[in-house]
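Below, all heavy atoms of this structure are taken into account, side chains as well, without hydrogens, waters or symmetry copies.
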Amino acid sequence: VKACLAEEMIDPNDRDHTGRTPLQLACLASTSDIVQCLVDHGARMISRLADGRTALHLAAARGDLEMVRVLLRKSKQNESEQAQLEKRADGDSDECQQEPDTSESQSVDSDSFVHVKKEADNVDGIDLAMTENEQEPDIYDIDVVAWDVPTSALHLAILHGHIDVAHELITSFGADLALPVKLLWPGQDRARAAILCLVLALRLPLEKSITMTEKLLQLGALPTQADINSATPLHYVVACDFTDSSEILETYFRQNRSATVKA
């Protein structure tokens with residue numbers, strides 16, 4: 001990989017015939033060392049697949065903790081550098097206001113970036129992914145969701161049973177544990193359903209479900225949080241497919257008895 005990236009004609013952001021970047025492929029099937037090498041050589045982290053997943057979504061779903069750390073540490077570094085650029089640009093702007101240019105034509109070269117929000121409706125996913133705004137800062141919104149199935153990196157870590165990744169996303173990088181998976185009505189911004197993080201944990205096999213539930217409750221997930229139908233996670237626990245859900249109920253009482261009683 002290093003030898004390839006050393007070639008002048010190699011672009012680390014070229015996509016394959018299905019629209020996947022080298023970084024996305026690395027997060028799907030390679031190692032954290034390869035991911036580190038790619039981001040060090042300019043691979044864009046916020047690029048999307050046709051379904052709207054980023055490299056962070058792929059790494060979280062795979063459960064590679066070090067890969068997740070590589071991506072989010074680089075994002076933090078980029079955020080710090082972007083803040084410096086914007087501070088410098090603001091300073092230059094202040095100087096321009098103090099000493100206005102009286103010439104008839106004026107050219108302004110700014111280090112600041114314009115954030116462009118693309119609408120996914122009625123646009124092919126690959127086309128949308130391929131036409132990303134490359135001037136947009138390469139910085140993750142930790143809670144950014146995919147397009148086709150609106151899940152965040154945390155949602156995917158929970159659904160795949162990766163407790164260590166979920167813990168790191170929440171404690172080290174501020175992922176929102178209260179953010180549900182919001183399912184929208186077709187062509188509308190109105191939600192038809194919302195799936196809470198504690199409810200996602202119930203889709204795991206029983207033992208993993210208990211362990212994930214315990215971790216989420218320890219990190220601040222609330223049994224009293226309700227979805228758009230006013231159902232709390234406790235409602236879903238007693239209605240879940242497990243032959244015996246008493247162990248999960250005991251986990252709720254053990255971790256947050258008062259909130260569980262209130263629910």
Side-chain angles (χ1 to χ4, degrees), residues 1-86 109-157 160 162 165 169 173:
V1 173
K2 287 180 179 178
C4 288
L5 292 170
E7 297 290 329
E8 290 185 6
M9 300 301 292
I10 294 292
D11 182 353
N13 295 303
D14 277 346
R15 295 176 183 260
D16 68 7
H17 65 288
T18 66
R20 299 173 299 185
T21 67
L23 180 60
Q24 291 163 352
L25 289 170
C27 289
L28 280 168
S30 192
T31 66
S32 58
D33 288 337
I34 299 294
V35 169
Q36 183 72 67
C37 184
L38 287 166
V39 298
D40 288 344
H41 285 81
R44 279 180 66 76
M45 299 179 296
I46 64 172
S47 296
R48 304 264 196 164
L49 288 170
D51 63 4
R53 287 176 297 166
T54 68
L56 179 60
H57 291 98
L58 301 175
R62 186 177 173 188
D64 192 313
L65 180 58
E66 187 54 36
M67 203 175 279
V68 169
R69 286 172 173 164
V70 167
L71 293 169
L72 289 174
R73 286 169 182 166
K74 181 64 174 176
S75 177
K76 288 286 187 183
Q77 179 185 334
N78 291 350
E79 187 174 13
S80 178
E81 292 172 357
Q82 176 65 18
Q84 290 297 320
L85 287 174
E86 291 177 351
D109 182 16
S110 173
D111 284 324
S112 62
F113 295 91
V114 177
H115 291 255
V116 178
K117 181 180 179 182
K118 296 181 177 63
E119 296 298 332
D121 293 342
N122 302 319
V123 180
D124 183 82
I126 293 180
D127 291 340
L128 195 62
M130 296 285 279
T131 56
E132 67 170 314
N133 176 21
E134 293 184 358
Q135 283 193 316
E136 186 175 358
D138 196 21
I139 300 168
Y140 277 121
D141 170 359
I142 189 66
D143 296 316
V144 67
V145 298
W147 295 331
D148 289 2
V149 181
T151 46
S152 69
L154 176 59
H155 295 145
L156 292 170
H160 288 84
H162 303 309
V165 173
L169 288 170
F173 299 103

**Request:** For Ile10 and Cys4, work out which heavy atoms get closest and say how close.
**Result:** CG1-O, 3.0 Å
**Request:** Please confirm whether the backbone N or O of Asp127 pairs with a side-chain atom of Thr131, one donor and one acceptor, at under 3.5 Å?
**Result:** yes
**Prompt:** Which heavy atom of Ala146 sits nearest a heavy atom of Arg53, and at what distance?
**Reply:** CB-CG, 3.8 Å
**Item:** Distance-minimising heavy-atom pair for Cys37 and Lys2
**Value:** SG-CG, 3.6 Å
**Fill in**
Rounded to the nearest 0.5 Å, the CD1 atom of Ile34 sits from the CG atom of Leu25 at a distance of 12.0 Å
**Prompt:** Taking atom CZ of Arg20 and atom CG of Leu49, what is their separation to the nearest 0.5 Å?
**Reply:** 8.0 Å
**Fill in**
Applied to residues 27-36, the side-chain hydrogen bond (donor to acceptor under 3.5 Å, both in side chains) test, sequence neighbours excluded, yields Gln36-Asp40
**Item:** Donor-acceptor contact below 3.5 Å, side chain Asn13 vs main chain Arg44
**Value:** yes
**Asked** Side chains of His155 and Ser152: closer than 4.5 Å at any heavy-atom pair?
**Response** yes
**Request:** First locate atom CD of Gln24, then atom CG of Asp16, and finally report the distance between them rounded to the nearest 0.5 Å.
**Result:** 8.5 Å
**Message:** Could you work out, with side-chain hydrogen bond (donor to acceptor under 3.5 Å, both in side chains) as the rule, every residue matching His57, not counting sequence neighbours?
**Reply:** Thr54
**Item:** Working for side chain to side chain contact (heavy atoms under 4.5 Å, CB included), residues Asp51 and Val149
**Value:** CA-CA 8 Å; Asp51 63 4; Val149 181; over 6 Å; no
**Prompt:** What's the shortest heavy-atom distance between Glu132 and Ser47, and which atoms?
**Reply:** OE2-OG, 2.6 Å
**Asked** For residues 64-73, which residue pairs qualify under side-chain hydrogen bond (donor to acceptor under 3.5 Å, both in side chains), counting only residues two or more places apart or in two chains?
**Response** Arg69-Glu168
**Request:** Grab the two heavy atoms, one from Tyr140 and one from Leu56, that are nearest each other, plus how far apart they are.
**Result:** OH-N, 3.3 Å
**From CZ (Phe173) to CG (Asp143), nearest 0.5 Å** = 13.0 Å
**Item:** Atom pair CD1 (Ile46) and CG (Asp141), whose distance is rounded to the nearest 0.5 Å
**Value:** 10.5 Å
**Taking every non-hydrogen atom, the tightest pair across Ala59 and Cys27** = N-CB, 4.3 Å
**Request:** Would you please test Arg62 and Met67 for side chain to side chain contact (heavy atoms under 4.5 Å, CB included) and show each step?
**Result:** CA-CA 9 Å; Arg62 186 177 173 188; Met67 203 175 279; 3.6 Å; yes
**Request:** Walk me through it: do Thr151 and Val145 pass the test side chain to side chain contact (heavy atoms under 4.5 Å, CB included)?
**Result:** CA-CA 5 Å; Thr151 46; Val145 298; 5.9 Å; no
**Message:** Test your reading of the model: is there a side-chain donor-acceptor pair from Asp138 to the backbone of Asn78, 3.5 Å cut-off?
**Reply:** no
**Request:** Kindly determine whether Leu5 and Leu38 satisfy side chain to side chain contact (heavy atoms under 4.5 Å, CB included), including the steps that lead there.
**Result:** CA-CA 8 Å; Leu5 292 170; Leu38 287 166; 4.2 Å; yes
